[in-house]
Amino acid sequence: MTQAVKTGTTIVAIEFDGGVVLGSDSRVSAGETVVNRVMNKLSPLHDKIYCALSGSAADAQTIAEVVNYQLDVHSIEIDEDPQVKSAASLVRNISYKYKEEMSAHLIVAGWDRRLGGQVYATLNGLLSRQPFAIGGSGSFYVYGFVDAEYRRGMSKADSQQFVIDTLALAMGRDGSSGGVAYIVTIDEHGTEEKVILGNDLPTFYNQ
């Protein structure tokens with residue numbers, strides 16, 4: 001049953017000075033069949049914390065919903081917004097506890113007043129803060145690109161373009177990634193969501 005709803009996907013997140021940018025494609029596939037062309041794989045965990053979903057669509061969404069609820073309760077208890085690392089730790093703990101039953105890889109990113117913009121990769125028992133992270137089946141096509149193009153201290157606009165270019169390249173090569181690109185930018189001022197249609201994504205070769 002899990003195999004039937006696994007997603008081929010591309011997810012990416014990057015820190016910039018003052019915030020983060022997350023992005024994902026929108027295609028959900030079951031084997032060779034595309035079952036959803038416009039699924040938003042960027043799920044809010046709190047006001048300024050999001051996660052990007054890959055793996056089994058049902059498993060990843062379930063983890064995001066549980067963490068969203070737990071963060072709401074936690075923020076009421078401490079009477080302030082939760083830290084990004086707290087959200088990432090919750091995701092890591094659930095992923096590790098149910099590693100035999102669930103198949104999901106989530107990237108957690110957001111902004112808090114203590115550490116600013118942060119990106120965390122979570123996989124089973126792993127929790128690692130990184131300047132940028134990529135995941136999903138499309139990531140295998142763009143490791144060279146992100147390693148070559150990433151620069152420390154990138155601006156907000158440069159980071160947004162980095163995410164868009166990464167998604168466009170992956171969606172062009174990976175048959176399990178496609179559709180539209182969802183982009184979320186988070187900083188101290190709030191959250192900005194954007195959808196880029198497939199026809200408006202940049203191209204890097206003659207089609």
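Here, residue 1 is the first one in the sequence, and each next residue gets the next number.
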Rounded distance [0.5 Å steps], [atom1] in [X] versus [atom2] in [Y]:
| X | Y | atom1 | atom2 | value |
| --- | --- | --- | --- | --- |
| Cys51 | His46 | SG | NE2 | 13.5 Å |
| Ser86 | Asp112 | OG | CG | 8.0 Å |
| Ile196 | Ser26 | CD1 | OG | 11.5 Å |
| His74 | Tyr69 | NE2 | OH | 14.0 Å |
| Thr9 | Met39 | OG1 | CE | 8.0 Å |
| Met171 | Thr10 | CE | OG1 | 7.5 Å |

Treating Ile, Leu, Val, Met, Phe, Trp and Tyr as nodes and any side-chain heavy-atom pair under 4.5 angstrom as an edge, say whether [X] and [Y] lie in one connected cluster.
| X | Y | value |
| --- | --- | --- |
| Tyr150 | Phe140 | yes |
| Leu167 | Leu169 | yes |
| Ile11 | Leu201 | no |
| Ile63 | Leu90 | yes |
| Val119 | Leu45 | no |

Problem set entry | Residues Glu192, Gln160; criterion side-chain contact (heavy atoms from CB on, under 4.5 Å); working and verdict | CA-CA 11 Å; Glu192 175 190 351; Gln160 290 171 327; 4.3 Å; yes
Ignoring hydrogens and angles, tell me if any N or O in the side chain of [X] forms a donor-acceptor pair with the backbone of [Y] under 3.5 Å.
| X | Y | answer |
| --- | --- | --- |
| Ser159 | Ser155 | yes |
| Ser54 | Gly135 | no |
| Asp59 | Ser103 | yes |
| Arg27 | Gly175 | yes |
| Asp25 | Gly178 | yes |

Testing the basics here: between [X] and [Y], what is the closest heavy-atom pair and its distance to 0.1 Å?
| X | Y | answer |
| --- | --- | --- |
| Ser24 | Lys41 | OG-CB, 3.5 Å |
| Asp187 | Gly18 | CB-O, 3.2 Å |
| Thr62 | Ala58 | OG1-O, 2.8 Å |
| Trp111 | Gly19 | CD1-CA, 4.3 Å |

For this session: Before giving the answer on salt bridge (charged side-chain N to carboxylate O under 4.0 Å, His left out), spell out for Asp158 and Arg151 the whole-Å C-alpha distance, their side-chain angles and the decisive distance to 0.1 Å.
Result: CA-CA 10 Å; Asp158 287 342; Arg151 304 182 307 279; 3.7 Å; yes
A side-chain contact here means heavy atoms from C-beta on lying under 4.5 Å apart; do [X] and [Y] qualify?
| X | Y | value |
| --- | --- | --- |
| Tyr120 | Gln130 | no |
| Ile94 | Val91 | no |
| Leu22 | Ile186 | yes |
| Pro82 | Ile49 | yes |
| Asp47 | Thr191 | no |
| Leu115 | Val84 | no |
| Val21 | Val184 | no |
| Glu15 | Gln118 | yes |

Should we say atom [atom1] of [X] is surrounded by more than 12 heavy atoms from elsewhere, each under 6.0 Å from it?
| X | atom1 | answer |
| --- | --- | --- |
| Asp17 | CG | no |
| Tyr96 | OH | no |
| Lys97 | NZ | no |

For this session: Could you please spell out the steps behind the side-chain contact (heavy atoms from CB on, under 4.5 Å) verdict for Val67 and Leu71?
Result: CA-CA 6 Å; Val67 172; Leu71 284 180; 4.0 Å; yes
Problem set entry | side-chain contact (heavy atoms from CB on, under 4.5 Å) between Met154 and Phe132, worked out | CA-CA 11 Å; Met154 293 170 67; Phe132 69 89; over 6 Å; no
Problem set entry | Steps toward side-chain contact (heavy atoms from CB on, under 4.5 Å) verdict (Val146, Ile134) | CA-CA 9 Å; Val146 296; Ile134 57 176; 4.0 Å; yes
For this session: Check the angle between the aromatic planes of Phe145 and Phe162 and answer parallel, tilted or perpendicular using the 30° and 60° thresholds.
Result: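 Correct class here is parallel.
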Exercise. Is any side-chain N of the basic residue among Lys48 and Asp81 closer than 4.0 Å to the acidic one's carboxylate O?
Worked result: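 Looking at Asp81 together with Lys48, the answer is no, because their closest N to O distance does not fall below 4.0 Å.
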Exercise. Should Arg114 and Glu80 count as an ion pair when the cut-off is N to O under 4.0 Å?
Worked result: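 Yes, charged N to carboxylate O under 4.0 Å.
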Distance-only side-chain donor-acceptor flag, [X] / [Y], under 3.5 Å:
| X | Y | answer |
| --- | --- | --- |
| Ser43 | Gln61 | no |
| Tyr98 | Glu100 | no |
| Asp174 | Ser137 | yes |

For this session: For a side chain to side chain contact (heavy atoms under 4.5 Å, CB included) with Val12, tell me which candidate from Ile183, Asp165, Val163 qualifies.
Result: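 It is Val163, the one option of Ile183, Asp165, Val163 that forms the side chain to side chain contact (heavy atoms under 4.5 Å, CB included) with Val12.
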